[in-house]
Novice: 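To start, I am sharing the structure in question, which I have written as structure tokens.
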Amino acid sequence: LIKGQIPNLHIAEYAELQQGYLIDVDKKIIRVRTSDCSVPEFGKQGFITVKGPRTTEIGVPEFEMEIPFDYATSFLSRCQYVLSKTRYCIPNSDGLIWEIDQFHGPLEGMWIAEIEVPNEDVFPNLPEWIHCDVTDVKEFANINLIMAEKIPQIYTELCYNNSIIK
């Protein structure tokens with residue numbers, strides 16, 4: 001979770017994302033996503049992603065493939081729920097990239113940061129604007145957030161009551 005201001009967010013590259021889930025069975029997921037990126041060479045893109053169940057403490061097997069934007073939009077129209085967010089990309093001091101999601105719709109006002117590490121032996125430097133790690137908190141998984149009608153209570157408790165997940 002994020003606390004305070006994120007430096008240089010106003011000049012960061014970003015993408016407007018829409019995502020939905022076509023299949024969610026036994027922690028095996030097929031996600032479809034559209035991305036409208038601020039970087040002209042990327043522009044509008046579509047993706048389909050297959051995710052398996054968690055295999056390690058931080059690892060989830062994932063295969064992602066770009067598909068035509070129109071196909072992704074068509075698939076999204078068949079999803080019962082669609083999650084909308086703006087994703088900002090901020091370089092970390094160790095060369096990794098933070099993906100900062102600003103949620104929209106019923107989750108407006110919620111911000112979550114994520115960083116992809118090459119393997120579980122890599123521990124990123126945490127900037128001062130990181131409040132706490134919610135990797136294992138199921139309420140913050142997109143598959144669960146997509147059905148939320150409002151920001152989860154645990155988000156408010158963690159962000160505004162200075163609670164820390166251990």
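In what follows, residues are counted from 1 in the order of the sequence shown.
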Novice: Is there a continuous path of hydrophobic side-chain contacts, each under 4.5 Å between heavy atoms, that joins I23 to L76?
Specialist: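 Same cluster: I23 reaches L76 through Ile, Leu, Val, Met, Phe, Trp or Tyr contacts under 4.5 Å.
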Novice: When you check the side-chain N and O atoms of E13 and S38, is any donor under 3.5 Å from an acceptor?
Specialist: no
Novice: Using the test side chain to side chain donor-acceptor pair (under 3.5 Å), find all partners of W98 that sit at least two apart in sequence or belong to another chain.
Specialist: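 W98 satisfies side chain to side chain donor-acceptor pair (under 3.5 Å) with N92 once adjacent residues are dropped.
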Novice: Not counting sequence neighbours, list each pair that qualifies as a side-chain hydrogen bond (donor to acceptor under 3.5 Å, both in side chains) and has a residue in residues 72-83.
Specialist: S74-R78
Novice: Let me see the working for Y71 and I48 under side-chain contact (heavy atoms from CB on, under 4.5 Å), right down to the final yes or no.
Specialist: CA-CA 10 Å; Y71 289 12; I48 193 155; over 6 Å; no
Novice: Under the side-chain contact (heavy atoms from CB on, under 4.5 Å) criterion, do I67 and F75 qualify, and how do the steps go?
Specialist: CA-CA 11 Å; I67 61 174; F75 284 139; 4.0 Å; yes
Novice: Look at atom CZ of F69 and say whether more than 12 heavy atoms of other residues, nucleotides or ligands are closer to it than 6.0 Å.
Specialist: yes
Novice: Establish whether V32 and V25 are linked, either directly or via other cluster members, by ILVMFWY side-chain heavy-atom contacts under 4.5 Å.
Specialist: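 Yes: a chain of side-chain contacts under 4.5 Å links V32 to V25.
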Novice: Take atom NZ in K150; do more than 12 heavy atoms of anything else shown fall under 6.0 Å from it?
Specialist: no
Novice: How would you list all residue pairs meeting salt bridge (charged side-chain N to carboxylate O under 4.0 Å, His left out) that involve residues 42-51, not counting sequence neighbours?
Specialist: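 Every pair satisfying salt bridge (charged side-chain N to carboxylate O under 4.0 Å, His left out) with a residue in residues 42-51: K51-E62.
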Novice: Following the transitive rule for hydrophobic clusters with a side-chain heavy-atom cut-off under 4.5 Å over Ile, Leu, Val, Met, Phe, Trp and Tyr, establish whether W111 and I146 coincide in one cluster.
Specialist: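 In one cluster with W111: I146, yes.
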Novice: Hydrophobic clusters here meaning ILVMFWY residues chained together by side-chain heavy-atom distances under 4.5 Å, can you tell me if V137 and I29 are in one?
Specialist: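 Yes; I29 is reachable from V137 via cluster members.
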Novice: With distance as the sole test, does N144 use its side chain to make a donor-acceptor pair with the main-chain N or O of K138 at under 3.5 Å?
Specialist: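 Side chain of N144 to backbone of K138, a donor-acceptor pair under 3.5 Å: yes, one is there.
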